[in-house]
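A quick write-up on the structure given underneath.
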2 protein chains.
Amino acid sequence: MNHSVFNELDLTSLLSLSFSASINELHVRLSELGFGDIRPVHGFMFKCMTPNGATGIEIAEYLGITKQAVSKMVDYLEKSGYVMKQAHPTDKRGKIIVLTERGWLVVKAKEEILTEMEQRLIENIGAERLHMLKEDLKKLVYETNEGKLPSMFKPIW
Amino acid sequence: MNHSVFNELDLTSLLSLSFSASINELHVRLSELGFGDIRPVHGFMFKCMTPNGATGIEIAEYLGITKQAVSKMVDYLEKSGYVMKQAHPTDKRGKIIVLTERGWLVVKAKEEILTEMEQRLIENIGAERLHMLKEDLKKLVYETNEGKLPSMFKPIW
DNA sequence: AAAATATAGTCAACTTGATTGACTATATTT
DNA sequence: AAATATAGTCAATCAAGTTGACTATATTTT
């Protein structure tokens with residue numbers, strides 16, 4: 001991609017590239033910290049599980065995938081030591097998925113990396129512009145969803 | 001997702017939601033126009049092919065996928081009537097993938113929809129803020145890539 | 001000019017992350 | 001008490017990509 005192509009990109013392409021670049025840097029750095037078995041979707045799942053865990057169905061709705069897909073993901077993350085299943089306190093059918101100690105380590109690492117990345121952007125465009133950027137993105141999301149908050153995270157491709 | 005969760009999102013999550021919401025609206029609307037068999041990745045591929053077509057390898061590099069994957073995509077899009085293969089003028093091994101008339105219809109429709117979407121955002125945040133938004137996203141991409149232009153489009157997930 | 005190597009594209013087999021459908025056990029509503 | 005709904009699992013399948021092997025043509029080296 002050359003400079004003039006890059007400069008003439010529409011907003012949606014820019015959002016794609018921004019998201020790509022950000023999530024890519026995050027996961028390269030998580031990998032360097034020994035969390036190479038974590039995918040972006042897992043990060044969003046952990047977000048849904050903090051601080052008190054979540055049921056499979058809750059996670060499925062949050063991510064916009066089926067409960068069966070969540071079930072597989074949970075099995076994988078349990079084997080890799082990031083999450084545990086607990087009995088639901090009131091519903092014998094249900095299970096609560098919670099983070100293990102290792103799971104919390106990823107969450108903390110992720111937060112630190114994201115903070116660093118935002119900090120770096122502040123050094124580049126300033127705190128005020130970053131604030132405006134975030135506000136404008138919120139407005140874009142809110143309006144594109146016709147005044148409703150987004151219900152799920154999964155990007156389609 | 002409730003309002004306070006939404007308001008405290010980090011930049012990367014906001015970028016994910018913005019990209020998701022935008023690309024989703026685009027493809028819902030393309031679908032309404034009879035282009036329901038087009039996926040986001042096809043749109044980015046068409047971008048690479050305008051105005052003079054592109055070889056399989058060029059498309060593969062642009063999208064960040066293998067040439068075999070491109071080959072399959074081209075077969076699919078050829079069957080659906082969006083692209084054609086042409087002999088390469090100088091290299092007998094090569095083929096140029098070009099848009100058909102139907103392919104151009106999608107490109108035009110896409111441009112119109114994206115323009116409308118940007119227009120709607122301008123009504124909401126103003127032209128100046130949209131301009132700043134795009135500039136800041138470009139800086140984010142440029143800097144996250146350590147001063148290099150992005151070489152490929154594909155979001156990982 | 002001939003030989004060696006590289007490149008564009010295709011075919012086939014496989015992997016991965018999701019899907020749909022059928023099922024069990026428990027909850028909730030009628 | 002019976003009927004229906006819900007949480008989660010198991011199995012089969014699908015879709016979009018991958019890797020590896022191959023053919024035909026180009027390019028580089030000798």
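These numbers come from a predicted model, not from an experiment. Values below: all heavy atoms of this structure, side chains included; hydrogens, waters and symmetry mates excluded. Reminder, nothing fancy here: chain letters follow the sequence lines and each chain counts from 1.
Looking at residues 79-94 of chain B, you'll see B:Lys85, B:Arg93, B:Gly94 sit with a heavy atom under 4.0 Å from some atom of DNA chain C. Residues from residues 48-58 of chain A placing a heavy atom under 4.0 Å of any atom in DNA chain D, listed by number, are A:Thr55, A:Gly56, A:Ile57.
Rounded to whole Å, the distance from CD1 on A:Ile65 to C1' on D:dG8 is 14 Å. Atom C1' of nucleotide D:dG8 and atom CD of A:Glu61 are separated by 14 Å, given to the nearest angstrom. One can place CG of B:Asp37 at 16 Å from C1' of D:dA16, the figure rounded to the nearest angstrom. One can place CD1 of B:Ile97 at 13 Å from P of C:dA8, the figure rounded to the nearest angstrom. A:Ile59 places its CD1 atom 17 Å from the C1' atom of D:dT6, with the value rounded to the nearest Å. Protein atom CE of A:Met73 is 13 Å distant from nucleotide atom P of D:dT9, rounded to whole Å. When the C1' atom of D:dG17 is taken as reference, atom NE2 of B:His42 falls 12 Å away, rounded to whole Å. Between the CG atom of B:Leu77 and the P atom of D:dA16 there is a distance of 11 Å, rounded to whole Å.
Using cut-offs of 30° and 60° for the angle between ring planes, the A:Phe19 and A:Phe44 rings count as tilted.
Residues B:Ser31 and B:Gly36 approach most closely at OG-CA, 3.5 Å, considering heavy atoms.
Residues passing the ring-ring contact (aromatic ring centres under 6.0 Å, His included) test with A:Tyr76, sequence neighbours excluded: A:His42. Applying the side chain to side chain contact (heavy atoms under 4.5 Å, CB included) rule to B:Glu78 yields the partners B:Asp75, B:Val83, B:Lys85; only residues at least two apart in sequence or on another chain are considered. Residues satisfying the side chain to side chain donor-acceptor pair (under 3.5 Å) test with A:Arg102, not counting sequence neighbours, are A:Tyr82. Applying the salt bridge (charged side-chain N to carboxylate O under 4.0 Å, His left out) test to A:Asp37 and every residue at least two apart in sequence or in another chain returns nothing. Partners of B:Glu135 under the side chain to side chain donor-acceptor pair (under 3.5 Å) rule, at least two apart in sequence or in another chain, are B:Lys138.
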In a table with atom names and distances, give each donor-acceptor pair under 3.5 Å that connects a side chain of residues 8-15 of chain B to protein atoms at least two apart or in another chain.
unit_1: B:Asp10; atom_1: OD1; unit_2: B:Thr12; atom_2: N; d: 3.1
unit_1: B:Asp10; atom_1: OD1; unit_2: B:Ser13; atom_2: N; d: 2.9
unit_1: B:Asp10; atom_1: OD1; unit_2: B:Ser13; atom_2: OG; d: 3.4
unit_1: B:Asp10; atom_1: OD2; unit_2: A:Lys47; atom_2: NZ; d: 3.2
unit_1: B:Asp10; atom_1: OD2; unit_2: B:Ser13; atom_2: OG; d: 2.9

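Here the side chain of B:Gln68 is nearest to one of D:dA21, C:dG9, D:dA11, namely D:dA21. The nucleotide whose nearest atom lies closest to any side-chain atom of B:Lys67 is, among D:dG8, D:dG17, C:dG9, C:dG9.
A:Lys72 contributes no side-chain N or O that forms a donor-acceptor pair with the base of C:dG17 under 3.5 Å.
When atom types are taken as modelled, the side chain of A:Asn7 and the backbone of A:His3 share a donor-acceptor pair closer than 3.5 angstrom.
Nucleic acid contact class of B:Thr66 (heavy atoms, under 4.0 Å, all strands): base.
Sorted by first and then second residue, the salt bridge (charged side-chain N to carboxylate O under 4.0 Å, His left out) pairs involving residues 86-101 of chain A (not counting sequence neighbours) are A:Asp91-A:Arg93. Among pairs with a residue in residues 26-35 of chain A, those fulfilling salt bridge (charged side-chain N to carboxylate O under 4.0 Å, His left out) read A:Glu25-A:Arg29, A:Arg29-A:Glu116, at least two apart in sequence or across chains.
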Check: Tell me, what's DNA chain C's dot-bracket, Watson-Crick or G-U with both distances under 3.5 Å, | for other-strand, [ ] crossing?
Finding: ||||||||||||||||||||||||||||||
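At the phosphate of D:dT9, OP1 or OP2 sits under 4.0 Å from a side-chain N or O atom of A:Ser71.
Other members of the hydrophobic cluster containing B:Met84, listed by chain and number, are B:Ile96, B:Val98; membership follows side-chain contacts under 4.5 Å among ILVMFWY residues, whether direct or relayed.
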